[in-house]
S.K.: 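Below are the structure tokens for one structure; questions will follow.
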Amino acid sequence: MENSTLEQPAAAIEGAASVDFIRALINEDNRTGRFGGRVHTRFPPEPNGYLHIGHGKSICLNAGIPRDYSGKFNLRFDDTNPVKEEEEYVESIVADVRWLVPEFTDEPLFASDYFEQMYLWAEDLVQKGVAYVDDLSAEEIRQYRGTLTEPGKDSPYRNRSIEENLDLFRRMRAGEFPDGSRVLRAKIDMSSPNLNLRDPVMYRILHASHHRTGDAWCIYPMYDWAHGLEDSIEGITHSICTLEFEDHRPLYDWYLDQLGIYHPQQIEFARLNLTYTVMSKRWLLRLVQRGHVSGWDDPRMPTLAGLRRRGYTPEAIWDFAERIGVAKANSMVDLGLLEYCIREDLNARALRAMAVLRPLRVVIENYPEDQVEEFEIPNHPQRPELGTRRVAFSRTLYIEQEDFMEEPPAKFFRLAPGREVRLMNAYYITCVSVVKDESGAIVELRCTYDPASRGGVTPDGRKVKGTLHWVSAAHAEDAEVRLYDTLFLKENPYDVPEGQEFTANLNPESLQVLTGCKVEASLAAAAPGERFQFMRQGYFCGDVKDSRPGALVFNRTVGLKDTWAKIQQQ
RNA sequence: UGGGGCGUGGCCAAGUGGUAAGGCGACGGACUUUGAAUCCGUUUACCGUAGGUUCGAAUCCUACCGCCCCAGCCA
């Protein structure tokens with residue numbers, strides 16, 4: 001650094017406690033002036049599915065680096081295979097990226113916009129004698145490729161003249177040949193121990209209509225050929241991808257070197273794996289197609305669309321990405337960490353409300369029949385600046401069924417016969433009797449209240465061990481609440497018993513729909529997507545698709561930590 | 001068996017020759033009108049194994065073991 005004559009980017013994070021290995025490489029490149037101090041990354045999805053949390057990690061990496069280095073970020077669609085790609089996917093991907101990276105306001109870029117330039121460069125390689133048209137069938141090419149331990153052998157068409165190759169390649173583009181009849185290949189080394197270098201295919205013939213270029217092309221570039229060119233055209237400095245492309249880097253470099261054009265640095269990192277979740281597009285697609293979920297944005301899905309609908313915030317995902325770090329070791333991150341991140345974010349910002357999910361009627365016998373009081377309750381106990389709201393209280397209320405036990409075990413300190421508890425911000429009540437139906441089920445609690453405990457504190461200062469949330473029966477709004485659990489029962493969903501379908505690991509209780517929930521009146525005005533903490537329960541948000549005034553639907557984003565549940569398990 | 005990677009406490013992850021950060025989790029305790037949050041404390045690191053180099057190694061060398069990726073005209 002002391003020898004560097006280059007100006008360091010103002011925002012460079014030199015000297016920070018520790019940086020990931022990619023930022024360390026960038027720091028080194030800036031030190032040596034390799035890219036003139038420029039930092040330019042890209043996120044290059046193929047529009048063949050929805051983005052998931054694993055892509056989220058990559059987006060946070062690729063968009064986070066420019067944030068740190070005052071660099072640039074491109075969203076570029078790698079749309080080189082028309083038979084797999086769809087417009088719906090490009091729209092969802094743009095929406096997801098903009099959600100996660102609000103400062104990204106550029107228009108997305110498309111590899112398909114570079115097809116002509118790529119073609120010209122391919123002709124260039126033909127002219128240079130390092131690319132040839134091969135007439136072998138797909139099956140023959142596979143056989144000629146050899147195996148992991150045996151070298152391949154040259155195609156009989158490998159030594160055609162440049163003129164013939166050029167003619168054939170041009171006729172490939174012109175549409176003179178059927179699909180699969182010929183390919184353009186790079187002439188590298190059929191005995192390379194790296195199979196990617198055994199004369200890789202650059203172009204295949206595909207008489208397919210592309211979602212953006214229509215029928216303009218009938219030959220389409222392969223990933224390895226296209227990707228480095230895309231990066232080069234855009235002036236990308238650091239082309240970050242996942243580990244499985246490490247073997248492809250020599251090829252990435254070879255193409256750019258043969259062409260003699262601007263050459264970015266490819267860097268590989270380990271993709272994200274999360275317990276209890278699948279990240280492969282193939283499995284996610286199956287879940288959608290077979291109706292195991294309601295769609296790509298089902299709140300149980302690990303897609304960004306699903307997480308967003310579930311109530312996750314972009315901030316929580318960024319925090320998660322920072323906490324898991326970036327490295328080259330394959331790893332399996334505990335789902336609990338993602339949940340920790342959203343809890344932490346929502347704890348700070350979500351307004352509190354009271355909602356009774358499984359109502360149990362409580363009648364306060366000594367409370368006047370027609371009296372209604374309004375309590376002013378803080379929207380966030382730790383943040384008074386967030387204001388208060390008024391909540392009605394009356395003789396007939398609902399509390400949570402699980403907040404009462406007729407025969408409470410030792411550590412249960414909620415309501416029980418003869419026991420006094422606090423109704424949050426309201427009064428102390430004591431259970432005097434239990435009303436049951438013919439089947440013996442508890443249908444109502446009869447209680448008394450202490451008028452002196454108004455607001456939830458008593459003049460004599462006596463303590464109660466339990467504080468319950470509640471809702472006034474006459475003033476409550478009905479709501480549907482959707483509780484979510486993991487989609488799979490196993491930490492590793494791919495661990496399917498021999499001979500069984502992937503459905504064997506599906507969690508039949510991943511969705512629990514609760515109807516007849518009673519929520520405080522203020523929630524009637526909840527905007528779709530608005531997030532709340534239902535006191536003592538968890539974080540919830542109005543469902544963007546299904547919630548309407550008068551027919552409220554809330555999704556549970558994540559439950560609060562539940563020490564009582566843990567005690568019960570012991 | 002060919003090539004490319006990776007192996008640090010339950011899960012992530014710093015560390016790049018000077019004697020093992022941090023986060024999450026777990027377990028205690030304080031506080032508490034959310035059994036939440038907050039605060040305090042504890043937790044098991046013979047750094048995959050075995051040798052070697054060195055005054056000194058997780059860091060360098062050698063061998064071995066384990067895991068992941070590669071034989072698409074997918075990306």
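If you're wondering where the values come from, they're calculated on a predicted model, not measured in any experiment. So you know, we letter chains A, B, ... as the sequences are listed, proteins then strands, and number each from 1.
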S.K.: Which whole number of Å gives the distance between the C1' atom of B:G41 and that of B:G5?
M.R.: 41 Å
S.K.: For B:G10 and B:U32, measure between their C1' atoms and round to the nearest Å.
M.R.: 30 Å
S.K.: Is a donor on one side and an acceptor on the other found under 3.5 Å between the side chain of A:K57 and the backbone of A:A270?
M.R.: yes
S.K.: Using a heavy-atom cut-off of under 4.0 Å over every strand shown, decide if A:Y220 touches base, sugar-phosphate, or nothing.
M.R.: nothing
S.K.: Among the nucleotides B:C6, B:A14, B:G35, which one has an atom lying closest to any side-chain atom of A:R414?
M.R.: B:G35
S.K.: Heavy atoms under 4.0 Å is the rule here; annotate nucleotides 68-75 of chain B 5' to 3' with B where the base is hit, S where only the sugar-phosphate is, and - elsewhere.
M.R.: SBBBSBSB
S.K.: Under the 3.5 Å rule, do the base of B:U34 and the side chain of A:Q533 count as making a donor-acceptor pair?
M.R.: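 Between B:U34 and A:Q533, which were checked side chain against base, a qualifying N/O pair under 3.5 Å is present.
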S.K.: Expressed as a whole number of Å, how far does the C1' atom of B:U62 sit from that of B:A71?
M.R.: 32 Å
S.K.: Partners of A:K518 by side-chain hydrogen bond (donor to acceptor under 3.5 Å, both in side chains), sequence neighbours excluded?
M.R.: A:D478
S.K.: Can you list, by residue number, the residues of residues 266-281 of chain A that have a non-hydrogen atom closer than 4.0 angstrom to RNA chain B?
M.R.: none
S.K.: In the 5'-to-3' direction, what one-character label does each nucleotide of nucleotides 18-24 of chain B receive under the scheme B = base within less than 4.0 Å of a protein heavy atom, S = sugar-phosphate only, - = no such atom?
M.R.: -----SS
S.K.: Restricting to side-chain hydrogen bond (donor to acceptor under 3.5 Å, both in side chains), what partner residues turn up for A:S137, sequence neighbours left out?
M.R.: A:E140
S.K.: Should B:A21 form a Watson-Crick or G-U wobble pair with both distances under 3.5 Å, which nucleotide is its partner?
M.R.: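 Answer to the pairing question: none, since B:A21 forms no Watson-Crick or G-U pair.
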S.K.: Taking the same atom, C1', in B:C11 and in B:A26, what whole-Å distance lies between them?
M.R.: 12 Å
S.K.: Under the ring-ring contact (aromatic ring centres under 6.0 Å, His included) rule, what do A:H227 and A:Y223 come out as? Steps first, then yes or no, please.
M.R.: CA-CA 6 Å; A:H227 206 84; A:Y223 168 85; 4.8 Å; yes
S.K.: Between B:G35 and A:R536, counting only base atoms on the nucleotide and side-chain atoms on the residue, is there a donor-acceptor pair under 3.5 Å?
M.R.: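 No such pair is found, so the answer is no.
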S.K.: In Watson-Crick or G-U wobble terms, both distances under 3.5 Å, what is the partner of B:U59?
M.R.: none
S.K.: Tell me, please, whether A:F110 has A:R212 positioned over its six-membered ring: NZ or CZ under 6.0 Å from the ring centre and within 45 degrees of its axis?
M.R.: yes
S.K.: Please measure how far the P atom in B:G23 lies from the corresponding atom in B:A14, and state the result in whole Å.
M.R.: 15 Å
S.K.: Do we see a donor-acceptor contact under 3.5 Å between the side chains of A:N74 and A:E234?
M.R.: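 Side chains of A:N74 and A:E234: pair found under 3.5 Å.
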S.K.: Heavy atoms under 4.0 Å, any strand shown: does A:R352 hit a base, just sugar-phosphate, or nothing?
M.R.: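 Base, at least one base atom sits under 4.0 Å.
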S.K.: Please give the distance between the C1' atoms of B:C12 and B:A45 as a whole number of Å.
M.R.: 15 Å
S.K.: Which donor-acceptor pairs under 3.5 Å do the side chains of residues 462-469 of chain A make with protein atoms, sequence neighbours left out?
M.R.:
{"unit_1": "A:R462", "atom_1": "NE", "unit_2": "A:E420", "atom_2": "OE1", "d": "2.8"}
{"unit_1": "A:R462", "atom_1": "NH1", "unit_2": "A:D450", "atom_2": "OD2", "d": "3.3"}
{"unit_1": "A:R462", "atom_1": "NH1", "unit_2": "A:D460", "atom_2": "OD2", "d": "3.0"}
{"unit_1": "A:R462", "atom_1": "NH2", "unit_2": "A:E420", "atom_2": "OE1", "d": "3.4"}
{"unit_1": "A:R462", "atom_1": "NH2", "unit_2": "A:E420", "atom_2": "OE2", "d": "2.7"}
{"unit_1": "A:R462", "atom_1": "NH2", "unit_2": "A:D450", "atom_2": "OD2", "d": "2.9"}
{"unit_1": "A:T467", "atom_1": "OG1", "unit_2": "A:R422", "atom_2": "NE", "d": "3.2"}
{"unit_1": "A:T467", "atom_1": "OG1", "unit_2": "A:R422", "atom_2": "NH2", "d": "3.2"}
{"unit_1": "A:H469", "atom_1": "ND1", "unit_2": "A:R536", "atom_2": "NE", "d": "3.3"}
{"unit_1": "A:H469", "atom_1": "ND1", "unit_2": "A:R536", "atom_2": "NH2", "d": "3.4"}
{"unit_1": "A:H469", "atom_1": "NE2", "unit_2": "A:A355", "atom_2": "O", "d": "3.3"}
{"unit_1": "A:H469", "atom_1": "NE2", "unit_2": "A:E400", "atom_2": "OE1", "d": "2.7"}
{"unit_1": "A:H469", "atom_1": "NE2", "unit_2": "A:Q537", "atom_2": "NE2", "d": "3.2"}

S.K.: Is A:V326 touching bases, backbone alone, or none of the nucleic acid, heavy atoms closer than 4.0 Å?
M.R.: sugar-phosphate
S.K.: So, does A:K561 get its side chain near the phosphate of B:U34, meaning an N or O under 4.0 Å from OP1 or OP2?
M.R.: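 It does not, given that no N or O in the side chain of A:K561 lies less than 4.0 Å from OP1 or OP2 of B:U34.
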